[in-house]
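Throughout, a chain's letter reflects where its sequence line sits, starting with A, and its residues are numbered from 1. Only this structure's heavy atoms are used, side chains among them; waters, hydrogens and symmetry mates stay out.
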Number of protein chains: 2
Amino acid sequence: MARTSTEHAAVGDLDLGTVLRALADEHRRAVITELAADESDGERMCQSFDLPVTKQTRTYHFRTLRDAGLICDIDYGNKKGIRLRRADIERRFPGLLDLLVAEFAGTTR
Amino acid sequence: MARTSTEHAAVGDLDLGTVLRALADEHRRAVITELAADESDGERMCQSFDLPVTKQTRTYHFRTLRDAGLICDIDYGNKKGIRLRRADIERRFPGLLDLLVAEFAGTTR
DNA sequence: CTGCAAGTACGACGTGCATCGTACCTCAAG
DNA sequence: CTTGAGGTACGATGCACGTCGTACTTGCAG
């Protein structure tokens, strides 16, 4: 049925402190960076990020990211789709995602 | 004698995780934002930031900022000068300071 | 020299946060 | 219907962090 979960936090409700705290964690930052680097902005299955943690912790991190307003997720019941709220982020914090992507490029090279 | 303290962390030694963690704290972010908003880049006395904490905590925060590579301080013995490492930050994380300043403008209006 | 104000050092304390274990839910495949 | 994989809920644990108290250092003003 694909119900958009929890009405992803209010539009301009993005708080810089909350966002920075969310991005301060290495795993969460890796997720957002990976999403930001993918220009197609396709819907990702959150299992596809293979974080080195258990699935309970993964749930926790994705919840944190959703609460921070960085992603919105779509509940398929037994699976879940993740989507970056690129437009909202870019409008509120222009250049933020570029910083992450740039760092990503520097890291992998 | 004004000795440049502790050889402010290596040049390109700025780590995104460390920086984000440093900026995640409201008080530290306020300091950097204030510094970033001042285009003259003058040397500030760290007493002049009147954070709502004791001086021990202030020492801790400024130390954190210095360790993160965001500021360098000059030891005058009984007083201390604070200076934003704007050039280094801008070269490593272009646009980061602009984000803070933009948020500052939005907050005070 | 004697105060005083600014900073630092060290240690204590409370809270927040990342992590996991156990248990439960939900759908799809068989 | 049963099973298994993906996900969530709740609680426990351990560590990091922000905070402060006490004590010490440093330089300037008197």
message: Please confirm whether the shortest side-chain N or O distance from A:T59 to OP1 or OP2 of D:dT8 is below 4.0 Å.
response: yes
task: Could you work out which one of C:dT8, D:dG6, D:dC17 sits closest to the side chain of B:R21?
output: D:dC17
message: Please determine whether a side-chain nitrogen or oxygen atom of A:K80 lies at a distance below 4.0 Å from atom OP1 or OP2 of D:dT8.
response: yes
- request: Over all heavy atoms of both residues, which pair between A:K79 and A:D75 is shortest? Give the atoms and the distance, please.
  value: O-OD1, 3.9 Å
query: A:T54 has a side chain; which of C:dT19, D:dG6, C:dC20 sits nearest to it?
result: C:dC20
Protein-nucleotide distance (B:L65, atom CG; D:dC17, atom P), rounded to Å: 14 Å
query: Between D:dA16 atom C1' and B:R63 atom CZ, what is the distance in whole Å?
result: 14 Å
- prompt: CG of A:L51 versus C1' of D:dG7: gap in Å, rounded?
  reply: 14 Å
task: Return the value, rounded to whole Å, for the distance between atom CD1 of B:I74 and atom P of C:dA6.
output: 19 Å
- line: Between A:L35 and A:R86 the two heavy atoms that sit nearest each other are O-NH2, 3.4 Å
field: N or O in side chain of B:H61 less than 4.0 angstrom from D:dC17 OP1/OP2
entry: no
query: Would you call A:E103 and B:R92 a salt bridge, taking side-chain N to carboxylate O under 4.0 Å as the test?
result: yes
- request: Return the nearest nucleotide to the side chain of B:N78; candidates are D:dG27, D:dT19, D:dG7.
  value: D:dG27
Closest nucleotide among C:dA28, D:dT22, D:dT19 to the B:Q56 side chain: D:dT22
- request: Using whole Å, report how far CE of B:M45 lies from P of C:dA6.
  value: 12 Å
- line: In whole angstroms, the gap separating P of D:dC17 from CG of B:D25 amounts to 11 Å
field: Nearest-angstrom distance from the residue atom NZ of B:K55 to C1' of D:dC20
entry: 12 Å
message: Take a 6.0 Å sphere around CD of B:E26 and say whether it holds more than 12 heavy atoms from other residues, nucleotides or ligands.
response: no
query: What distance separates A:L84 CG from A:D41 CG, expressed to the nearest 0.5 Å?
result: 6.0 Å
- request: Give a yes/no on whether any side-chain N or O of A:R58 is located under 4.0 angstrom from OP1 or OP2 of D:dG7.
  value: yes
task: Provide, to the nearest angstrom, the distance between the NZ atom belonging to B:K79 and the C1' atom belonging to D:dG27.
output: 10 Å
